[in-house]
2 protein chains.
Amino acid sequence: MATDPTPRGRRPGDSGTRDAILDAARARFAGEGFRAATVRAIAGDAGVDPALVMHYFGTKQALFVAAMEFPLDPAQVVPRLLGPGVDGLGERLVRFLLTVIDDLGDANPMLGLVRSAVGHPDAARMMREFLGEAILDRLAAAVSEHTGADRPRLRADLCASQVVGVLVARQILALPELAAADRETLVAAYGPTIQRYLTGSLAP
Amino acid sequence: MATDPTPRGRRPGDSGTRDAILDAARARFAGEGFRAATVRAIAGDAGVDPALVMHYFGTKQALFVAAMEFPLDPAQVVPRLLGPGVDGLGERLVRFLLTVIDDLGDANPMLGLVRSAVGHPDAARMMREFLGEAILDRLAAAVSEHTGADRPRLRADLCASQVVGVLVARQILALPELAAADRETLVAAYGPTIQRYLTGSLAP
DNA sequence: CAGCGATCTCAACGCCTGTTGAATACGAGT
DNA sequence: ACTCGTATTCAACAGGCGTTGAGATCGCTG
């Protein structure tokens, strides 16, 4: 009747352990950021020894990079949002973002990146480069081609600042009326802001 | 010729040690957030033994609270911004914020709070409560009194989301064109956004 | 000048961290 | 059936953390 200490070797069958670790890592990084999320906690969530995490990913850093891989390809998303033209682009972008936030829930890589970037320079650089090359430059180029607006990259940066602000104020700080507002209310509030940043006049 | 190990007891004269510790703490918390900023590093910056920090403040938490005390009284700032009336309020608010950011530099409690709120629920609650009671409720009440606009607190939350976004995107992520833009460019870009959030129409 | 309280350092504690190396168990290929 | 690579755990490491208690030195008050 001895409670057997979990046996040492391999498990029978196809255990999706690697994916379990990745899921747990995504959730922990998104919920606590790089520093506060411990390898031990992630391993615990995945029902696994910490050493197994290192066996699969080598270091905590590498696990972070693997877990934060973005589930959507910006090279497809940006053109799709711009498909119907530049009219209503702001609202489409905001609605898309809010939908993605709701769908991803706990394991949102955007949250993981923001939470980690703050207080971890490497993650900040990682996020700045990903945001910049994959999204903002693309968005800037596309919009400037459609409208010939001036300072396209500044416009994209302005959008990013509002998007990051929504993420932090709503998902992390949980400002009450912002967290409670339903999606279309926020689309109506933020849509015109983004639209103006992208295509409106920035002079006083 | 023995290099004397720093003597143990009290130093002669009026050593502003307590303030040195507070300054170092502000800078470290603002630069790295609560978790990553260590008591040992703060003590090192202040040229002091870590135990002295505990002697003055008891715990790291208490040191954080003491260091993040806001150097400006919102009860004075909000009325001053609203003094000239509600016209141009957005631009005044943005200009004021950017000036404060520049003035505070390294030791900005706002940065410390944001960096800590992310990844430390206690700090998030602290910031939500301070922001809410001291600033947003006040701002909401004042604007709604001037204009009778609907949903005043949601409007204030929208402003907060853009302000936090500027802080994160510009000061932490350092998005290139945003970090490089001069103050009046940003006033022209963000001013109308804040103005609309506060006094404009939020319906589509 | 005696004593007291404030200021300051030292050395150590217990804990948690990422990471490592060895040991074991299984599945697949020959 | 043997072997090899992969999956998995265990036990331990070195280092960093916040915090503690004891001791040393100074300034102020009587």
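Within every chain, numbering begins at 1; the chains are lettered A, B, ... in the order of the sequence lines, protein sequences first and strands thereafter. The analysis underlying the following values was restricted to heavy atoms, covering all of them including side chains, and did not include hydrogens, waters or symmetry mates. If you're wondering where the values come from, they're calculated on a predicted model, not measured in any experiment.
Taking atom NZ of residue A:K60 and atom P of nucleotide C:dT17, one finds them 9 Å apart after rounding to whole Å. Distance, B:F57 CZ to D:dG18 C1': 16 Å, rounded to whole Å. If you measure from atom NE2 of A:H55 to atom C1' of C:dA22, you get 13 Å, rounded to the nearest angstrom. Rounding to whole angstrom units, CZ of residue B:F34 and P of D:dC17 are separated by 13 Å. Rounded to whole angstrom, the span from the CG atom of A:D49 across to the C1' atom of C:dT20 amounts to 12 Å. Following rounding to the nearest Å, B:L52 (CG) and D:dG21 (P) show an atom-to-atom distance of 17 Å. One interatomic measurement links the two molecules: CZ of A:R35 to P of C:dC16, which rounds to 19 Å at whole-angstrom precision. The distance between atom CD of B:E32 and atom C1' of D:dC17, rounded to the nearest whole Å, is 14 Å.
Proximity of A:T38 to the phosphate of C:dC16: no side-chain N or O atom is located under 4.0 Å from OP1 or OP2. Within the 4.0 Å cut-off from OP1 or OP2 of D:dG18, not a single side-chain nitrogen or oxygen of B:T59 is found. Close to D:dT8, at under 4.0 Å from its OP1 or OP2, lies a side-chain N or O of A:Y56.
With respect to A:R115 and A:E32, no salt bridge is recorded, no charged nitrogen being found less than 4.0 Å from a carboxylate O. Looking at B:D102 and B:R170, a side-chain N of the basic residue comes within less than 4.0 Å of a carboxylate O on the acidic one, giving a salt bridge.
Mapping A:G58 and A:A36 onto DNA chain C via the closest heavy atom, the residue that lands nearer the 5' end is A:A36.
In this model, no donor atom of one side chain and acceptor atom of the other lie less than 3.5 Å apart for A:T17 and A:Y56.
In this structure B:R92 satisfies the side-chain hydrogen bond (donor to acceptor under 3.5 Å, both in side chains) test with no other residue, sequence neighbours excluded. Listed by chain and residue number, B:R153, B:D157 satisfy the side chain to side chain contact (heavy atoms under 4.5 Å, CB included) test with A:P176 (two or more places apart in sequence, or in another chain).
Between the side chain of A:R40 and the base of C:dG18, a donor-acceptor pair under 3.5 Å is found.
When distances run from any side-chain atom of A:A51 to the nucleotides C:dG21, D:dT19, D:dG21, the shortest one goes to C:dG21.
Nucleic acid contact class of A:A37 (heavy atoms, under 4.0 Å, all strands): sugar-phosphate only.
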